[in-house]
Amino acid sequence: MAMAFKMVCDDRNVGDRRMQNILYGMKWKKVHRFIVFKIDEASRLVTVDKVGGPGEGYDELAASLPPDDCRYAVFDFDFVTTDNYKKSKIFFIAWVTKRIED
């Protein structure tokens with residue numbers, strides 16, 4: 001999984017040049033809730049498959065993952081601490097389907 005995250009973040013592996021702007025918009029401007037990536041096997045380039053808007057949540061992310069192929073996703077999770085502070089954590093998700101594992 002660490003190698004997949006490195007591929008997503010490495011400029012040399014990016015097939016879709018708008019990815020840096022999308023990641024920046026997600027982390028700093030909060031204009032995206034999630035980003036789904038796929039890796040093209042032939043070219044080994046990372047491309048953006050789907051971008052979720054700020055009003056979308058985990059259910060929309062889960063619905064956008066294909067049932068028969070692998071994907072990688074970055075999800076911005078907002079929560080409130082026990083001290084009543086608003087926080088946000090960005091999670092990297094590796095999606096591997098049951099069919100691929102067999």
Side-chain angles (χ1 to χ4, degrees):
M1 183 164 75
M3 183 175 180
F5 185 71
K6 183 178 178 184
M7 285 183 73
V8 168
C9 296
D10 190 353
D11 289 345
R12 295 171 296 186
N13 297 316
V14 176
D16 192 343
R17 289 293 166 199
R18 66 186 179 121
M19 190 178 327
Q20 287 92 4
N21 292 334
I22 293 170
L23 285 168
Y24 177 82
M26 178 182 176
K27 184 173 182 178
W28 299 110
K29 296 182 179 181
K30 302 290 186 185
V31 294
H32 310 299
R33 177 64 62 191
F34 64 85
I35 307 165
V36 178
F37 304 99
K38 64 181 177 180
I39 299 174
D40 181 33
E41 291 296 324
S43 65
R44 295 188 51 91
L45 294 177
V46 178
T47 58
V48 175
D49 195 34
K50 180 172 177 19
V51 178
E56 296 186 69
Y58 183 78
D59 292 335
E60 289 82 8
L61 168 63
S64 68
L65 297 171
D68 59 350
D69 202 3
C70 298
R71 292 290 186 271
Y72 301 94
V74 181
F75 182 73
D76 189 5
F77 178 69
D78 294 328
F79 62 97
V80 179
T81 66
T82 56
D83 298 336
N84 208 25
Y85 289 108
K86 291 183 180 180
K87 297 272 188 168
S88 178
K89 294 285 182 183
I90 296 177
F91 290 91
F92 182 76
I93 300 167
W95 171 256
V96 181
T97 64
K98 188 74 166 167
R99 181 173 169 228
I100 300 297
E101 289 176 352
D102 292 340

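Scope of the values below: all heavy atoms of this structure, side chains included, with no hydrogens, waters or symmetry mates.
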Salt bridge check, Asp69 against Lys38: does any charged N sit closer than 4.0 Å to a carboxylate O? no
Kindly work out whether a path of hydrophobic side-chain contacts (I/L/V/M/F/W/Y, heavy atoms less than 4.5 Å apart) joins [X] to [Y].
{"X": "Phe34", "Y": "Phe77", "value": "yes"}
{"X": "Ile90", "Y": "Ile35", "value": "yes"}
{"X": "Val36", "Y": "Phe91", "value": "yes"}

side-chain contact (heavy atoms from CB on, under 4.5 Å) test vs Arg71 passes for just one of Val96, Ile39, Thr97, Leu65, namely Leu65
Could you measure the distance from the [atom1] atom of [X] to the [atom2] atom of [Y]? Nearest 0.5 Å is fine.
{"X": "Lys87", "Y": "Thr81", "atom1": "NZ", "atom2": "OG1", "value": "6.5 Å"}
{"X": "Leu61", "Y": "Lys50", "atom1": "CG", "atom2": "NZ", "value": "9.0 Å"}
{"X": "Phe37", "Y": "Thr47", "atom1": "CZ", "atom2": "OG1", "value": "9.5 Å"}
{"X": "Asp78", "Y": "Lys89", "atom1": "CG", "atom2": "NZ", "value": "12.0 Å"}
{"X": "Glu56", "Y": "Ser64", "atom1": "CD", "atom2": "OG", "value": "8.0 Å"}

State whether the side chain of Trp95 and the backbone N or O of Pro66 hold a donor-acceptor pair below 3.5 Å, judged by distance alone. yes
Side-chain (Arg33) to main-chain (Gly55) donor-acceptor, under 3.5 angstrom: no
In short, Lys30 meets Pro54 closest at the heavy-atom pair O-CB, 3.8 Å
Taking every heavy atom of Val80 against every heavy atom of Lys86, the minimum-distance pair comes out as CG2-CG, 4.3 Å
Fit a plane to each ring of Tyr58 and Phe75, take the angle between them on a 0 to 90° scale, and name the class: parallel (under 30°), tilted (30 to 60°) or perpendicular (over 60°). perpendicular
Quick check: are there more than 12 heavy atoms from other residues, nucleotides or ligands sitting under 6.0 Å from OH of Tyr85? no
